[in-house]
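Input: a single structure, listed below in structure tokens.
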Amino acid sequence: MFDIRRDPVRPLIHVSMTGFWSTDTVDRYGEALGAALAPSLARAERICLLIDATSYPVQSVSVAERFTAMLARWPAPQDGPVAGVAIIAGSMLNKLQAEHTFGDTALVFLDRDAASEWIDARLGVDLTAS
């Protein structure tokens with residue numbers, strides 16, 4: 001259903017999401033993501049999230065609503081430890097649902113490279129350096 005892992009070098013959390021979720025899955029995801037963010041919170045470190053949702057189909061209204069409720073409890077990106085959230089959607093319909101659900105808390109892409117470049121810019125990675 002989901003995999004959450006911290007990048008070993010950069011202040012970045014990689015997330016992959018798959019399958020159809022229940023509201024309980026959203027709750028478990030929120031707890032796991034909170035645990036992954038905890039070290040950054042403890043160090044007052046700004047961090048980004050790169051979410052691969054290319055194998056995550058359009059979800060039920062109840063799942064989308066649970067995500068919205070979860071996000072309402074978290075600090076807004078400009079106020080909290082998260083410097084940016086990029087979601088890579090697998091289809092235009094998924095992109096539209098993610099944009100509706102996540103609003104201003106995430107940027108949704110259909111292109112993996114564009115999402116990665118946006119994250120690198122948020123982290124201050126110089127893409128021209130070799």
Side-chain angles (χ1 to χ4, degrees):
M1 296 265 119
F2 61 86
D3 180 58
I4 300 171
R5 59 185 169 81
R6 291 183 65 92
D7 191 284
V9 177
R10 303 185 300 161
L12 177 65
I13 295 176
H14 298 271
V15 178
S16 62
M17 303 166 68
T18 61
F20 289 103
W21 287 22
S22 67
T23 54
D24 289 339
T25 307
V26 176
D27 293 342
R28 289 192 310 274
Y29 170 78
E31 291 172 15
L33 188 56
L37 287 168
S40 293
L41 288 170
R43 293 188 303 264
E45 170 188 55
R46 299 281 284 167
I47 191 164
C48 287
L49 280 79
L50 182 58
I51 302 172
D52 182 346
T54 55
S55 297
Y56 184 72
V58 171
Q59 301 292 311
S60 69
V61 171
S62 61
V63 166
E65 288 172 346
R66 185 64 64 105
F67 264 111
T68 302
M70 178 184 75
L71 292 168
R73 295 188 305 268
W74 290 26
Q78 64 272 20
D79 300 326
V82 179
V85 177
I87 300 172
I88 309 162
S91 71
M92 182 54 80
L93 188 56
N94 291 88
K95 182 178 187 300
L96 292 171
Q97 185 180 43
E99 288 172 341
H100 178 75
T101 301
F102 289 86
D104 293 339
T105 63
L107 211 56
V108 185
F109 298 85
L110 290 172
D111 179 83
R112 182 176 312 279
D113 291 338
S116 293
E117 288 172 11
W118 184 80
I119 287 291
D120 287 342
R122 300 294 295 173
L123 290 173
V125 174
D126 183 358
L127 300 174
T128 60
S130 298

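Residue numbers count from 1 along this sequence.
Although no hydrogens or angles enter the test, the distance criterion places a donor-acceptor pair under 3.5 Å between the side chain of R6 and the main chain of A36. Looking only at distances, no side-chain donor or acceptor of Q97 sits under 3.5 Å from a matching main-chain atom of V61.
In this structure, V85 and F102 have side chains that are not in contact, with every pair of non-hydrogen atoms separated by 4.5 Å or more. In this structure, the side chains of L49 and L37 come closer than 4.5 Å at one or more pairs of heavy atoms. The shortest side-chain heavy-atom distance between Q59 and V26 does not fall under the 4.5 Å cut-off. Taking the side chain as every heavy atom from C-beta outward, R10 and D120 approach each other to under 4.5 Å.
One finds the CD1 atom of I51 at 10.5 Å from the OG atom of S16 (value rounded to the nearest 0.5 Å). Between the OG1 atom of T68 and the CZ atom of R73 there is a distance of 11.0 Å, given to the nearest 0.5 Å. Considering CG of L33 and CE of M70, their distance stands at 6.5 Å, rounded to 0.5 Å. The distance from atom CG of L71 to atom OG1 of T101, rounded to the nearest 0.5 Å, is 8.5 Å. Annotation: the span from K95 atom NZ to I88 atom CD1 amounts to 12.5 Å, rounded to 0.5 Å. Note: I119 CD1 to D7 CG = 11.0 Å, rounded to the nearest 0.5 Å.
With hydrophobic clusters built from ILVMFWY side chains whose heavy atoms lie under 4.5 angstrom apart, V63 does not share a cluster with L96. Cluster annotation: V108 is not connected to L93 through the hydrophobic network of ILVMFWY side chains, with a link wherever side-chain heavy atoms come within less than 4.5 Å.
Nearest heavy atom pair, residue G84 against residue W118, reads CA-CH2, 3.8 Å. Shown here for P11 and L123, the closest heavy-atom pair between the two residues is O-CD2, 3.5 Å. When all heavy atoms of A83 and C48 are compared, the closest pair comes out as CB-SG, 3.9 Å. Scanning all heavy atoms of the two residues, the minimum distance from I87 to A53 falls at CG2-CB, 4.1 Å. Considering all non-hydrogen atoms of both residues, S40 and I47 come closest at OG-CD1, 3.3 Å. Smallest separation of non-hydrogen atoms from A32 and F2: CB-CE1, 3.7 Å.
In summary, of the residues considered (L50, I4, D52), a side chain to side chain contact (heavy atoms under 4.5 Å, CB included) with V15 occurs for I4 alone.
Within the 6.0 Å centre-distance limit, the rings of F67 and Y29 are counted as a close aromatic pair.
Classification of the W21-Y56 ring pair by plane angle, with boundaries at 30° and 60°, yields perpendicular.
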**Request:** Begin from the C-alpha positions of T25 and R66 and carry the test side-chain contact (heavy atoms from CB on, under 4.5 Å) through to its verdict.
**Result:** CA-CA 10 Å; T25 307; R66 185 64 64 105; over 6 Å; no
